[in-house]
Amino acid sequence: MYDADIKIAKIEVPARVSDYFYEKIKKGEVTIEEILSDTLYLEKRRVKDEKFNRRVKSDIVFLKNLNRILNRGTEEEKKDIFEQLVSRYVNEITGHFSKPVYKLATIVLPRAIGLMLNPLSIKKLLEEFPTLPSVESNIHLLGELETLKALYQKATIVMAPTHQSNLDSPIIGLAIYLMDFAPFLYGAGLNLFENPIFSFFMHNLGAYTVDRKKKNEVYLYTLKTYATFALERGYNMLFFPGGTRSRSGAVEKKLKRGLLGTSLKAYINNILMEKEKPDIFVVPLNMSYQLVLEAETLIDDFLRESGKSRYIIEDDESSQAEKIALFISKLFSLDSQIYLRVGRPIDVFGNYVDENGISYDPKGRRVDRIDYIIEKGEVVLDDQRDKVYTDELSSTILKEFKRNNIILTNHLTSFAAFELFLRYHADMDLYKLVKIGVTYKGIPIKDLASVVEKVKQRLVELHERNEIFLSPEVLESNALDIINDALRYGSIYHKKAFLYRVGDKIYSDDLAVLFYYHNRLDGYELEKLI
Amino acid sequence: MMVKKSETVGVIGGGSWGTTISQLLARNKHRVIVWTRNKEVIKSINSEHINKRYFPDYKLSSFIKATDSMAEVADNSTVIFVVVPSKVFREIVGRLGNFVTGEHILISATKGVEEKTYRTMSAILKEETPVKKVGVISGPNIAEEIMQGHPSATIVASRFDRVITKVKSLLNHRLFNIYSSYDVIGVEIAGAFKNVVAIASGIAHGMSFGVNTFSYLMTEGLQEMNLLGKAMGAKPETFITLAGIGDLIATCTSQYSRNFRFGKALAEGLRVDEALEKINQTVEGIYATEVMFEYSRMHGVALPLLKAAHNVIYGGVSVDKAIERLINVS
């Protein structure tokens with residue numbers, strides 16, 4: 001966000017948040033004491049689990065003061081501390097970019113890592129190494145690009161990608177650059193800002209901070225208000241609508257309503273403020289990699305007993321510089337292709353939109369968007385109604401995610417291999433099998449090829465009907481070539497080889513990771529074919 | 001008591017239930033525009049205030065006007081009730097879609113699920129029009145009894161508070177109470193499934209079975225709709241409301257019910273086509289049986305009563321044989 005807008009945000013956002021809570025207090029829905037004590041309780045719990053640093057120290061001091069005022073303060077003091085709380089949150093969300101961290105990242109990081117990371121660092125790549133082979137040839141942008149480019153000129157864009165890895169955001173950053181767009185505003189986890197490597201990229205993305213450990217209503221509402229404000233000011237934004245990286249490896253089947261809902265709210269506010277360019281469109285984006293940096297940690301989390309999984313993972317592969325460097329060098333040494341596929345743009349009510357910004361109903365009739373928010377002749381905000389509209393938007397995004405899911409050789413091969421291993425060990429259920437992890441019984445490559453071929457045939461049908469997307473490597477190769485291409489990835493990066501060949505048989509030493517890559521094809525009823 | 005503001009409301013469908021809803025709306029002093037294809041019905045409503053075809057003996061309110069123009073309905077009303085048989089629901093709603101906008105509210109008063117596509121009526125409203133604010137009404141609502149002024153109640157289900165509030169304000173009356181629910185799918189499953197149970201009850205009646213059999217069929221039916229609903233994301237409590245048990249009791253005990261009469265005709269030895277000919281009106285339960293059966297297969301739920309009904313209607317199994325099998329599995 002530009003400095004001038006940050007200045008306005010620091011006044012406007014706290015004012016809106018206070019208005020919202022004061023209105024609730026006025027209506028008798030809640031008291032200021034309840035708001036403060038709920039916040040205090042959740043914040044104390046959060047702080048207890050945090051690693052101690054300057055930020056946490058300042059939080060502790062503030063919470064002590066909050067506790068004192070809550071117990072002995074006057075009504076005025078309570079209001080005052082509430083407003084201070086909101087301002088602290090706004091400062092944290094907007095005041096994102098730490099110059100010292102950035103400096104540290106560029107100086108301290110070993111030069112080798114810096115070089116390896118270069119393919120993803122736009123400026124360096126283009127300014128300092130104009131002769132380097134360009135990663136552009138490894139990154140493929142597909143789908144509704146032209147529609148997106150046309151809409152970019154007319155409206156505010158919310159990019160809504162699938163989420164597999166912490167590397168998604170730098171790659172999208174690069175994609176946005178390649179499309180000749182200015183950086184999109186992006187809500188990055190607070191923990192990432194303390195990681196020198198990621199902090200380095202965040203700058204390119206124009207990031208603001210999101211602390212997913214803060215669960216209290218005041219913080220969440222402040223965050224949503226900030227996003228709404230930014231959209232109203234015309235900032236294009238990047239939301240991962242799934243809220244977190246896919247744990248199972250499958251494409252998102254459920255989305256979070258919170259941040260997505262800000263696009264509708266901002267649209268309505270724009271109409272009410274009679275903005276010249278009030279429209280906000282959501283653009284789904286699918287991404288696919290042959291290998292995922294954090295696959296082991298993510299699938300491990302997925303396989304934990306339900307309820308014990310962690311929503312936030314901070315100590316995974318993406319927090320280790322060497323691991324990232326290794327991952328990137330391996331991936332690029334194999335000339336691995338990264339595909340991004342832009343879905344059909346959607347309006348904030350879940351209707352598809354064409355390149356002229358016109359919305360259509362499911363039967364292809366032109367729709368006047370404003371009709372959805374008119375009640376008794378007037379445009380109005382209505383939280384309950386707007387939540388249902390946001391659910392409509394979610395379900396259209398999910399439809400696009402499924403339709404634009406990009407299948408690479410590793411996904412297809414892992415799918416076929418895992419399903420066969422499952423049948424080889426019919427005496428065990430899935431979780432037991434994955435827990436054991438190793439299979440001593442190999443799949444004859446012939447059998448694997450025949451299953452790959454069968455599944456591929458069905459996938460080609462789906463691809464032709466636009467119900468899935470097959471990469472050229474899958475579409476144009478025969479089953480054996482698909483398997484051979486996938487095998488290149490099977491033992492190159494993850495701790496244990498999840499797919500390898502000995503003689504004429506295929507084995508796995510990590511069925512959990514194999515399961516993870518298999519899951520990219522979950523939800524298409526392909527299991528029936530085997 | 002708050003004075004209700006009069007407004008113009010649309011009704012698509014001039015059959016018995018469409019006419020009854022129009023009369024309920026008009027009773028609350030709302031102007032009603034009913035769309036129907038039937039010229040005779042239009043003429044009799046507009047000139048004599050009766051629906052010659054369905055209710056020749058009931059005087060309708062002068063607030064009710066009939067038309068064959070959907071545009072007229074859409075232009076003059078924000079809320080439109082769609083009350084046409086499930087078999088033609090998509091076609092008619094598809095036409096209505098040319099005239100309505102995102103500002104409209106569409107309420108399905110049709111029970112049942114579409115044949116072949118297995119879509120619910122509320123899903124069709126969303127697929128065929130630009131409208132998002134949709135809802136359904138369902139409950140023990142036998143048109144004849146309501147027209148006679150018997151006290152009754154119904155349930156409106158929608159995900160939108162505004163839709164619920166609106167329908168309540170339009171239809172609420174001292175003799176007609178409106179309950180509400182967010183569980184649209186639950187209400188729709190209940191409304192379709194009870195038709196299957198009604199056919200079974202009709203069969204039991206035709207076989208001169210006693211109260212024990214009726215209680216057994218209704219309890220089994222309620223359990224089965226609950227199991228199926230649960231598998232499809234419905235809330236279990238929906239089945240113990242008017243939309244579930246309420247409607248089940250009405251349809252399974254009323255002699256007026258077409259599904260019941262159809263079942264009775266089967267028990268008397270008529271074939272499916274002969275029984276249909278005898279009723280000479282749409283029997284929603286026939287399609288509902290197929291669709292519910294398909295749902296149960298898709299969701300892997302075993303439902304013996306539903307299977308028995310399906311065997312009789314689609315499998316050529318005799319009524320006696322189906323009953324015998326049902327008793328032995330459940």
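Heavy atoms only: backbone and side chains are in, while hydrogens, waters and symmetry mates are out. By convention in this document, chain letters (A, B, ...) are assigned in the order of the sequence lines, proteins followed by strands, and residues within each chain are numbered from 1.
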Between Q384(A) (side chain only) and R159(B) (backbone N and O only), is there a donor and an acceptor less than 3.5 Å apart? yes

Could you check which of V131(B), N98(B), T101(B), V163(B) has the highest count of heavy-atom pairs closer than 4.5 Å to chain A? N98(B)

Chain B heavy atoms under 4.5 Å from R385(A): which part of the residue, side chain, backbone, both or neither? both

Under 4.5 Å from a heavy atom of chain B, the part of Y360(A) involved: neither

Would you find more than 12 non-hydrogen atoms of other residues, nucleotides or ligands less than 6.0 Å from F99(B) atom CZ? yes

Please check if the number of heavy atoms outside E29(A) that lie under 6.0 Å from its CD is greater than 12. yes

The reported gap from CZ in R365(A) to OG1 in T129(B) (rounded to nearest 0.5 angstrom) is 7.0 Å

For K132(B), run the side chain to side chain contact (heavy atoms under 4.5 Å, CB included) check against V388(A), V367(A), D361(A), N351(A) and tell me which one passes. N351(A)

Considering only NZ, NE, NH1 and NH2 on the basic side and carboxylate oxygens on the acidic side, decide whether K133(B) and E375(A) come within less than 4.0 Å. yes

Might you confirm whether atom NZ of K275(A) has over 12 heavy atoms from other residues, nucleotides or ligands at distances under 6.0 Å? yes

Measure E128(B) against the heavy atoms of chain A and call it side chain, backbone, both or neither at under 4.5 Å. both

Take atom NZ of K24(A) as the centre, draw a 6.0 Å sphere, and report whether it contains more than 12 heavy atoms from other residues, nucleotides or ligands. yes

Give a yes or no on this: more than 12 heavy atoms of other residues, nucleotides or ligands lie within 6.0 Å of atom CZ of R465(A). yes

Does K154(A) have more than 12 heavy atoms from other residues, nucleotides or ligands lying within 6.0 Å of its NZ? yes

G377(A) and E103(B): which non-hydrogen atoms are nearest, and at how many Å? N-OE2, 4.3 Å

